[in-house]
Amino acid sequence: MIEIRNITKLFNEGTVNEKIAIDNLSLTINDGDFICMIGANGSGKSTLLNCLSGSLIPESGNIIMDGKDITLLSQHDRAHEIGHLFQDPLAGTAPHMTMEENLALAAKTGGWLARINDKDRAYFKEKLKKLDMDLESKLKMEVGVLSGGMRQALTLIMATINTPKILLLDEHTAALDPQTAEKVLEITAETIEEKNLTCVMITHNMQTAIDMGNRLIMMNNGKIILDLNKEEKEKMSVDDLRDLFRKNAEMELDNDRMLLL
Amino acid sequence: MISLINTTIELALIGSLTVLGLYLSYFTLNVCDLSTDGCFTLGASTAAVIALSGHPYLAIIGAMLAGMSSGLIVSLLQTYLGINSLLSGIIVNTALYSVNIAIMGNSSLLNLNKTRTIYTIVKELFMDTPLKSFVPIIIALVFTLMVLLFLNYFLKTRIGLAIKATGDNPIMVEASSINPNITTIIGLCISNSFTALSGALLALSQKSVNIDIGSGMVTIALASLLIGSILYRKNNTLVRLICAVLGSFIFRSIYAIALRFNMPAYLLKLVSAVIVALTISVPYIKKQLPMFKRRMAIARGNRA
């Protein structure tokens, strides 16, 4: 279980450009939760995931993972419990290293002086076979020659090869063509179900947000403005969500207008 | 002529140790380590001073440890103190000038004419054999092979892969729960220990050290490394390492030939600078050429 308690994250603190990216936000993520997160650009979704992964440290508040306070833990120190996929399919893999070398770094089998052996290769092949992308025959190929979709699928395998406590997906299919995106989403859903992973996924596709996962969260201005469970979410249509979205955006405008007047 | 070939082979082998060091820092870790010159001299002066005090074997180990500590400082500056990697190399290089003179006892020149070193020891071993005149080459060859085989093994271990990934995609390294600062530190310590070893062997072989022994080494080694990188197409670590050593041979041969044609020795550094500039820029120019040709064709068409 992950508890986020009253975290606040500021950008450009103390300057005229100061922006409250996360505003006193609290959220409890239960084991096995698959949360779909939606919200406009700049609403703080990515910042929230980055606070969880440790690439950003919130100015105040705490993040507790299984009873342990990880708020100030550096990224590499918590990385073995957190898988993180980004929108950029090139971010998660080393392009000039072969696929087996990338996988070996993620799998962490053996000690620091261990080398890749045939047992590792068999294990990697078995994992890659599930993707059904013929990647298992390309173990010795440099990752840089793979397509974006292949690289994102590989990153997903790398992030989940040792079951993480939480998987963070930051619009990880947004840069892929519709068909590949669908395929990667399918693999994502299968992997999450198979390992019963806890997952937070950011998406801009309302239909995906309704169809996938057991919880739906909408963010606006660094706050969670909607948190639906499975039943509530199933009653929602894309239009309902869009209306809610718009209403919030308009409220925003009204507030601004009030400030100007 | 024979002695020229002998010297060329020996210098190529000794130089290839620095080249292999740079293979680790420049190619693998993607850090251009500009402290190489100072570190080369550091290895030379440390080895000379320890040999002078009567410890021929410790001279080699001591030089490598000195190189390692120099690498440690360069890497600490760029990881935990936020100094740009080029700048931290230059800073340490500058500091090493003073350090090296201090090591040599406030002198810029040391003479090892009557000192017992691994060279004199091995020469005694081969006293009555025909191999006697090849001792410097044999010693350099043994060290080159050891470093080459070590790197070939090390770069395939998990820590070696982590160092490779640090130079390739630091974001991915952090996500694999590896601290990129640590991999940078380990990589630069190892690479600088080889640079210092290279300097130590040159000093012990030529039986003298002066404060300028390492000046220009970074350019010479880079030139060798880049010449070597033209030779391979495949992504095979052993092939790449061997090509780095071959690059050192090619560079030294070009230099030897130039000397035969009465090129003054002081031009070595100009030649190496030109080679580095050419080997880096030629692939870039090649890539730009088709575009340039098209633009020219259009320009010509407009005029007509």
Side-chain angles (χ1 to χ4, degrees), chain A residues 49-50 53-55 73-86 88-117 120 139-145 151 154-156 158-162 164 167-168 170, chain B residues 23-31 75 79-80 82 149-187 189-190 225 229 232-241 243-244 283 287:
Chain A
L49 292 204
N50 287 334
S53 76
S55 54
L73 211 59
S74 62
Q75 192 183 353
H76 53 262
D77 280 332
R78 57 174 108 167
H80 57 283
E81 289 173 343
I82 297 172
H84 199 169
L85 262 70
F86 303 91
D88 179 2
L90 312 183
T93 47
H96 295 101
M97 294 170 67
T98 64
M99 217 152 73
E100 63 176 27
E101 289 175 335
N102 272 279
L103 282 161
L105 276 178
K108 307 182 195 76
T109 47
W112 281 111
L113 294 177
R115 314 210 303 173
I116 303 170
N117 55 36
D120 295 329
L139 270 186
K140 301 259 183 205
M141 243 186 216
E142 280 190 20
V143 167
V145 303
R151 279 181 80 165
L154 176 64
T155 313
L156 184 68
M158 285 166 61
T160 56
I161 198 159
N162 294 319
L167 179 65
L168 308 172
D170 192 345
Chain B
Y23 180 92
L24 189 59
S25 58
Y26 185 71
F27 269 2
T28 310
L29 210 47
N30 202 13
V31 169
S75 53
T79 51
Y80 288 103
L149 293 177
F150 168 81
L151 279 179
N152 183 46
Y153 185 89
F154 178 74
L155 285 172
K156 288 174 189 160
T157 61
R158 192 146 77 82
I159 181 71
L161 291 181
I163 290 174
K164 237 168 130 179
T166 308
D168 207 12
N169 184 354
I171 303 174
M172 172 253 188
V173 170
E174 284 234 34
S176 313
S177 57
I178 299 160
N179 185 344
N181 290 344
I182 302 290
T183 49
T184 305
I185 291 171
I186 295 175
C189 281
I190 295 177
L225 187 63
S229 71
Y232 60 77
R233 290 270 176 277
K234 269 172 70 182
N235 179 21
N236 178 313
T237 310
L238 185 61
V239 172
R240 289 185 172 198
L241 290 169
C243 285
K287 226 168 76 186

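Throughout, a chain's letter reflects where its sequence line sits, starting with A, and its residues are numbered from 1. Values below: every heavy atom of this structure, side chains too, minus hydrogens, waters and symmetry copies.
- With chain B as the partner, the residue from A:K108, A:Q75, A:E142, A:H80 showing the most heavy-atom pairs under 4.5 Å is A:K108.
- Here the CD-CZ distance, from B:E174 to A:R78, works out to 10.5 Å after rounding to the nearest 0.5 Å.
- For A:S55, no part lies near chain B; criterion is any non-hydrogen pair under 4.5 Å.
- Taking all atoms of both residues into account, the shortest heavy-atom contact from B:A175 to A:A79 is O-CB, 3.5 Å.
- Screening B:R158, B:K156, B:K164 for a side-chain hydrogen bond (donor to acceptor under 3.5 Å, both in side chains) with A:E101, the sole residue that qualifies is B:K164.
- For the set A:A94, A:G110, A:S53, the count of heavy-atom pairs under 4.5 angstrom toward chain B peaks at A:A94.
- Results of the side chain to side chain contact (heavy atoms under 4.5 Å, CB included) test with B:L161 over A:T98, A:N102, A:L105 single out A:L105 as the only residue that passes.
- Of all heavy-atom pairs spanning A:L113 and B:Y153, the tightest one is O-OH, 3.9 Å.
- For A:H96, the parts lying near chain B are the backbone and the side chain together; criterion is any non-hydrogen pair under 4.5 Å.
- Taking both residues in full, the closest heavy atoms of A:L90 and B:N169 are given as O-ND2, 3.5 Å, listed atom of the first, atom of the second, then distance.
- Chain B forms more heavy-atom pairs under 4.5 Å with one residue of A:A106, A:G92, A:G54 than with any other, namely A:G92.
- Among A:G144, A:A91, A:S74, A:A104, the residue making the largest number of heavy-atom pairs under 4.5 Å with chain B is A:A91.
- With values rounded to the nearest 0.5 angstrom, B:I171 atom CD1 is found 10.5 Å from A:T93 atom OG1.
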